[in-house]
Amino acid sequence: MKREGILFVVSAPSGAGKTSLCKEIIDIFQGLRHSVSYTTRPMRPGEKDGVDYHFVSAGAFEKMVAEGAFAEWAEVHGNRYGTALATLEEARAAGQDVLLDIDCQGAAQLKKNYRQGVFVFILPPDFQELRRRLVGRNTDSAEVIERRIANARGEIREAAWYDYIVVNDDFEQALAELKSIVLAEGCRSGRVLDGLKDVFEFGA
Ligand code: 5GP
């Protein structure tokens, strides 16, 4: 079945477990690729250029913005991040499903131009648990943690316009829900009919 690729957009406040859920879902679905974003933030230990992100200078990023090379971009925690238009167009043409792990500002930009996209928000069960996870990571200072929690309050308000919300209380349950979303979206009648139009004569 050759249908148009599906664009999955996943957002969450930091500490909700989005990164782990996205990694698992990419491993599970062979036909689903992670879209590699461009960023101006420095590379963290263990990260690879071209795999985790395309790490670029502020100047190179600015040039891409000026050239209209981004489908969306935003400033997050003081750094810039963007999804290249070419990445999405190539995936769409190839019938490749892609998953974008991006913030709410970027997702809102895409919502306008990619109406067929599937927008998923991951929520933590409550603020207490969010704080516990951020502290447990042991990567941020108390001040940064408080800033992330304050930001989370604003981000969570955005959840209302997403197509789906997954509450990540129990990881396995959240993963099962995310899997169900990916599977169900692939079974939407419009997509299946599109994929099988050369096999069956629908509407004839
Ligand atoms: P991190 O620096 O921890 O990898 O990511 C920080 C935030 O930037 C996360 O919320 C992540 O989803 C978001 N992000 C990553 N890539 C993009 C992108 O291409 N566009 C937008 N708008 N946000 C992104």
Would you please test R80 and E62 for salt bridge (Lys or Arg N to Asp or Glu O under 4.0 Å) and show each step? CA-CA 10 Å; R80 288 177 171 197; E62 232 4 270; 2.2 Å; yes
Between D194 (side chain only) and G190 (backbone N and O only), is there a donor and an acceptor less than 3.5 Å apart? no
Please check: side-chain N/O of N168 versus main-chain N/O of A16, any donor-acceptor pairing under 3.5 Å? yes
Other residues, nucleotides and ligands only: do more than 12 of their heavy atoms fall within 6.0 Å of CD on E67? yes
Residue set satisfying side chain to side chain donor-acceptor pair (under 3.5 Å) with R153, at least two apart, ordered chain then number -> none
Does E47 pair with R41 as a salt bridge, N-O distance under 4.0 Å? yes
Between S11 and F119, is there a side-chain heavy-atom distance shorter than 4.5 Å? no
How about V182 and L99: do any of their side-chain heavy atoms sit closer than 4.5 Å? no
I'd like to know whether F70 forms a side chain to side chain contact (heavy atoms under 4.5 Å, CB included) with L85, so could you lay out the CA-CA distance, the side-chain angles of the two residues, the decisive distance to 0.1 Å, and finally the verdict. CA-CA 5 Å; F70 288 122; L85 206 49; over 6 Å; no
Residue among E4, Q116, E185 satisfying side-chain hydrogen bond (donor to acceptor under 3.5 Å, both in side chains) with R191: E185
Would you check if there is a donor-acceptor pair between the side chains of E72 and Y114 at a distance under 3.5 Å? no
Step by step, work out the salt bridge (Lys or Arg N to Asp or Glu O under 4.0 Å) result for R132 and D126. CA-CA 10 Å; R132 200 187 63 75; D126 53 40; over 6 Å; no
Test log, rule side chain to side chain donor-acceptor pair (under 3.5 Å), inputs Q173 and E177: CA-CA 6 Å; Q173 173 66 19; E177 290 176 9; 2.7 Å; yes
